[in-house]
Amino acid sequence: MRYFVHIGYHGLHFNGWQKQPGILNVQGVLEQALTQVLKTPVFINGCGRTDAQVHASQFFFHMDIEQPWDFDLVFRLNKLLPGSIAIFDIIPMTGMQHARFDAVQRCYDYFIHTYKSPFLNGLSAFYLLKDLHIDKMQQAAALLPQYKDYRPFCTSPDKYEHTICNVMSAGLTVDRSGDRLRFQISSNRFLSKMIRIIMGQLLKIGKGELSVDQFEHYLISKETPLLITPAHPQGLYLSKVTYPYLNLPPRTEFSAILQNQVDQFG
């Protein structure tokens, strides 16, 4: 029987989601825990691939289990897994739904703080910046849903069959002090490092190193910027994944705290 598993994880000390030999990754840790608890080899398929040090407020994977269990699997897994990974729900499916291919929308948040804070370290990206042109950054972010081809904002566009993304919404909010920012974007799919590259371009706009017109020129012409500088990974969260048959609110708290603080003053 196929099951969807709803999780969240703090990715700072992981080398991303995808299982790779010899390095710490979220998929490998989960497969090891499931195999240990269920006493049979378990292989899982995630809803996407997050980079090293990137977080997930909400993430789904699916697994196929032949024999049902007769104990609280959520409890046992959470007891075994490190504190940086949490199991929220295990959902039996009626068919062979796919965690990755069936997702119709993914939403990401990117958090920035512009002052040194030991309490935000690892939860938000630290940029020691003053007097950012927030209005211009917001203008540029608002342009994103108007365009479909995101080839200029991808590290390896040629590995994809196409670079079309249906960006449904994008926006930048800031608190009253101007030193806490949140960029949020939702789309049916994302390209390699796309959000971090866009955030890097928005920061250039905020610092006056790039104009809004130049930013839009990349979207129109599909020309790749001469210098691509992705924003720090630890500010990025996969925060919502939506399916035609499954639409759950995120359960984790560590990004919600930041989000609520920004929304309160945005």
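Distance check: L30 CG to L77 CG gives 8.0 Å after rounding to the nearest 0.5 Å. For the atom pair CD of Q58 and CZ of F60, the computed distance is 4.0 Å after rounding to the nearest 0.5 Å. Remark: H113 NE2 to D175 CG distance equals 12.0 Å, nearest 0.5 Å. A distance of 6.0 Å separates CE in M93 from CG in L246, rounded to the nearest 0.5 Å. Going from atom NE2 of H133 over to atom NZ of K207 covers 11.5 Å, rounded to the nearest 0.5 Å. Separation of atoms CD1 (I112) and CG (L181) is listed at 5.5 Å; rounding is to 0.5 Å.
Of the N and O atoms on the side chains of Y115 and S177, not one donor lies less than 3.5 Å from an acceptor on the other residue. In this model, no donor atom of one side chain and acceptor atom of the other lie less than 3.5 Å apart for S211 and D213.
Between the side chain of R189 and the backbone N or O of I164, at least one donor-acceptor pair lies under 3.5 Å. Side-chain atoms of R182 never come within 3.5 Å of backbone atoms of T173 as a donor-acceptor pair (strictly under, hydrogens ignored). A donor-acceptor pair under 3.5 Å is formed between the side chain of Q138 and the backbone N or O of L172. In this structure a side-chain-to-backbone donor-acceptor pair under 3.5 Å is present from K240 to L248. A donor-acceptor contact shorter than 3.5 Å is absent between the side chain of R196 and the backbone of L236. Put simply, the side chain of N25 gets close to the backbone of G28: a donor and an acceptor are under 3.5 Å apart. With Y147 contributing its side chain and I220 its backbone, the two residues share no donor-acceptor pair below 3.5 Å. The closest donor-acceptor contact from the side chain of H55 to the backbone of G11 lies under 3.5 Å. No side-chain donor-acceptor contact under 3.5 Å links D89 to the backbone of H6. Looking only at distances, no side-chain donor or acceptor of S239 sits under 3.5 Å from a matching main-chain atom of S57.
With contacts defined as side-chain heavy-atom distances shorter than 4.5 Å, the pair Y218/L210 qualifies. Looking only at side-chain heavy atoms (C-beta outward), C154 and M194 stay at 4.5 Å or farther from each other. Using a 4.5 Å cut-off on side-chain heavy atoms (C-beta onward), Q27 and I44 make contact. Considering only heavy atoms from C-beta on, V37 stays 4.5 Å or farther from W69 through its side chain. Side-chain contact between L219 and F153: present, with at least one pair of heavy atoms (C-beta onward) separated by less than 4.5 Å. For the pair N188/M168, a side-chain contact is recorded, criterion being any heavy-atom separation below 4.5 Å from C-beta on. At least one side-chain heavy atom of Q184 sits less than 4.5 Å from a side-chain heavy atom of D109. Side-chain atoms of L238 and C47, non-hydrogen and from C-beta on, do get closer than 4.5 Å to each other.
I7 is connected to L24 through a chain of hydrophobic side-chain contacts under 4.5 Å among Ile, Leu, Val, Met, Phe, Trp and Tyr, so both are in one cluster. In terms of hydrophobic clustering, with Ile, Leu, Val, Met, Phe, Trp and Tyr side chains grouped at heavy-atom distances under 4.5 Å, F126 and L202 are assigned to different clusters. F43 and L81 are members of different hydrophobic clusters when ILVMFWY side chains are connected at heavy-atom separations under 4.5 Å. A continuous path of ILVMFWY side-chain contacts below 4.5 Å connects F71 to I90, so both sit in one hydrophobic cluster. One hydrophobic cluster, built from ILVMFWY side chains closer than 4.5 Å, holds both M1 and V42.
Heavy atoms only, all atoms of each residue included: S169 and S186 are closest at OG-OG, 2.7 Å. A pairwise comparison of heavy atoms in Q201 and P225 identifies NE2-CG, 4.1 Å as the closest pair. In plain terms, the two heavy atoms of D102 and P244 that are nearest each other are O-CD, 3.4 Å. Listed here is the closest heavy atom pair of I87 and N78: N-OD1, 2.8 Å. Annotation for A99 and A103: closest pair O-CB, 4.1 Å, computed over non-hydrogen atoms. The minimum heavy-atom distance linking R100 with G46 is given by the pair CB-O, 3.3 Å.
Applying the side chain to side chain donor-acceptor pair (under 3.5 Å) test to residues at least two apart or on different chains, the pairs with a partner in residues 37-49 are N45-H62. Within the structure, ring-ring contact (aromatic ring centres under 6.0 Å, His included) pairs that include any residue of residues 161-199 comprise Y108-F190 (at least two apart or interchain).
The local environment of NZ in K136 is sparse, with at most 12 non-hydrogen atoms from other residues, nucleotides or ligands closer than 6.0 Å. Few gaps surround CD on Q20; more than 12 heavy atoms of other groups in view lie less than 6.0 Å from it. Other residues, nucleotides and ligands contribute over 12 non-hydrogen atoms within 6.0 Å of the CD atom of E209.
Between Y127 and H232, the ring planes lie parallel to each other; the angle is under 30°, not in the 30° to 60° tilted range. Aromatic ring pairs are classed by plane angle as parallel below 30°, tilted from 30° to 60° and perpendicular above 60°; the pair Y9 and F14 is perpendicular.
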Review point. Is there a side-chain contact (heavy atoms from CB on, under 4.5 Å) between L80 and Q36 once you walk through the steps?
Key: CA-CA 9 Å; L80 180 61; Q36 180 176 337; 3.8 Å; yes
Check your understanding: What do the steps show when you test L120 against F111 for side-chain contact (heavy atoms from CB on, under 4.5 Å), and what is the final call?
Key -> CA-CA 10 Å; L120 294 175; F111 295 98; over 6 Å; no
Exercise for review: Any chance you could lay out the side-chain contact (heavy atoms from CB on, under 4.5 Å) test for L34 and E31, step after step, and finish with the verdict?
Suggested key: CA-CA 5 Å; L34 284 161; E31 286 186 349; 5.6 Å; no
Check your understanding: Passes side-chain contact (heavy atoms from CB on, under 4.5 Å), L73 versus L38? Steps please.
Key -> CA-CA 9 Å; L73 182 55; L38 294 173; 4.2 Å; yes
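Residues passing the side-chain hydrogen bond (donor to acceptor under 3.5 Å, both in side chains) test with Y160, sequence neighbours excluded: none.
With F4 as the partner, the ring-ring contact (aromatic ring centres under 6.0 Å, His included) test is satisfied by one option alone out of F61, F88, Y243: Y243.
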